[in-house]
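The block underneath contains the structure these notes are about, expressed in structure tokens.
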There are 2 protein chains.
Amino acid sequence: MTMDRQLLLLGLLRAQEMHGYQLNEFIDEQMNFCVDLKRSTAYYLLDKLCRDGYVAEEVEREGNRPERKVYRITPTGEERFQELLRQNLAAYEPSVYAEDIGIIFEHQLAPDESLRLMRMRREAILAHRATMEALHVSLPPSHTAVIEHHLLHLDAEITWIDRLIATRSSHASPQATDTASS
Amino acid sequence: MTMDRQLLLLGLLRAQEMHGYQLNEFIDEQMNFCVDLKRSTAYYLLDKLCRDGYVAEEVEREGNRPERKVYRITPTGEERFQELLRQNLAAYEPSVYAEDIGIIFEHQLAPDESLRLMRMRREAILAHRATMEALHVSLPPSHTAVIEHHLLHLDAEITWIDRLIATRSSHASPQATDTASS
DNA sequence: AGTTGAATAATCAGAACTGAGTATATCGCC
DNA sequence: GGCGATATACTCAGTTCTGATTATTCAACT
């Protein structure tokens, strides 16, 4: 993931040189739906990109405002961007899902409770899917591919949890099943 | 993710007290298809679980073999396990996908090259799907839910990349499209 | 009797990451 | 014109994580 965030920073700086704050604002406001990058991490990565020579920072003293740095991509950084982009597009890294761990031990809970918890997750996924769907219409078409990517994975997640709920329901106590279906 | 790995360790130690090495062997051999936990990280987490009082370690000196530690879950650890398990089952954490970053900048590559790279990824995903499918039959039924989870997400990933390849193909140069379809 | 290589069981230095904090300027409002 | 709220721009101490390395036993081979 580290490399992909470096790719993101290089890609943005490639389009336009920026202050750290500007960069962070942009990511937080325009890209929060698909990247999770803390401001402190962004500064850390910018520093690393500088140390590696991919980005140059220039301290800017303007009147008596607090000093700030302009970050711009270097020619080496440009090459690095190309390299990381190609790598990102061609490589597939198998994912790890936190949900798997829970399912491995799920049978140690009473079926009723397990069902209740899984239904809670189902609701949370559905809610998130709805916000993604909303973005789908409000965001510019440049983001369409990314949103569709998320929607596909969300649908996979819903299919899975529905199957689990279905098999567990058949083993749960009649009351619990009734309560849920009412 | 940290909490989920603690859940895993507690869950395994709950079933049976173990040496660090034993625990690591088990995870590496039986669970590598769904969890990625480095041995050093496991030792680190074990240490943290001890500091937090969820696990007790006892140094074992047997003859003059290299000393090793037995880890066993404490009553507090038992409670913690219950808590983490419930949390894991009920919570949904929106995922972040490295692929999204690449797609955002993808248009900066020549369509032909972009297509070539995406087809490479498609192959890699398919290969991984095949190994998962193989596990599906070879692994005990306790792992079925986890495998199916992965297969669903892999199918989502394939659907997505196929759509991308399809839209990009219509814009690529005729030669490139021909070469691929031959 | 000595050497090599696998298995066992960690430790450690350093890299990556985060939450909380620092410091100044500017803006609105009473 | 003074005062809190908000915007700007980081810095830093502490936590988490990883690759490389250390150290011992045991079995096999020479």
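A quick note: this is a predicted structure, and the numbers were derived from the prediction, not measured. Lettering follows sequence order; numbering is per chain, from 1. As a basis for the values below, the full set of heavy atoms in this structure was taken, side chains included, without hydrogen atoms, waters or symmetry mates.
For the pair Glu58(B) CD and dA9(C) P, the computed distance is 15 Å after rounding to whole Å. For Asn24(A) and dA9(D), the CG to P distance is 11 Å, given to the nearest whole Å. The separation between Phe26(A) atom CZ and dA9(D) atom P is 17 Å, rounded to whole Å. In this structure, Tyr21(B) places its OH atom 5 Å from C1' of dT8(C), rounding to the nearest Å. Rounded to whole Å, atom C1' of dC17(D) lies 11 Å from atom OH of Tyr44(A). Here the P atom of nucleotide dA7(D) and the CD atom of Glu29(A) are 10 Å apart, to the nearest Å. For Tyr43(A) and dA15(C), the OH to P distance is 23 Å, given to the nearest whole Å. Atom CG in Leu37(B) sits about 15 Å away from atom P in dT16(D), given to the nearest Å.
Contact check, Lys69(A) against dT11(D): a side-chain N or O comes under 4.0 Å of OP1 or OP2. Side-chain nitrogen and oxygen atoms of Thr41(A) include at least one within less than 4.0 Å of the OP1 or OP2 phosphate oxygen of dT18(C). Dashed line: the shortest gap from a side-chain N or O of Arg5(A) to OP1 or OP2 of dC17(C) is under 4.0 Å. For Thr2(A) and dC17(C), the shortest distance from a side-chain N or O to OP1 or OP2 is below 4.0 Å.
Taking only side-chain atoms of Glu25(B), from C-beta outward, the nucleotide of dT18(C), dT8(C), dT8(D) with the closest atom is dT8(C). In this structure, the nucleotide among dA16(C), dT11(C), dT8(D) sitting nearest to the side chain of Arg68(A) is dT8(D).
Classification of Arg39(A) and Glu25(A) as a salt-bridged pair holds, one side-chain N sitting under 4.0 Å from a carboxylate O. Between Arg121(B) and Glu99(B) there is no salt bridge, since no side-chain nitrogen of the basic residue lies less than 4.0 Å from a carboxylate oxygen of the acidic one. With respect to Glu58(B) and Arg72(B), a salt bridge is recorded, a charged nitrogen being found less than 4.0 Å from a carboxylate O. A salt bridge links Arg129(B) with Glu133(B); the closest basic N to acidic carboxylate O contact falls under 4.0 Å. Salt-bridge annotation for Asp47(B) and Arg51(B): present, with a side-chain N of the basic residue lying under 4.0 Å from a carboxylate O of the acidic one.
Each of Gln6(A) and Lys38(A) was assigned the nucleotide of DNA chain C with the nearest heavy atom; the assignment lying further toward the 5' end belongs to Gln6(A).
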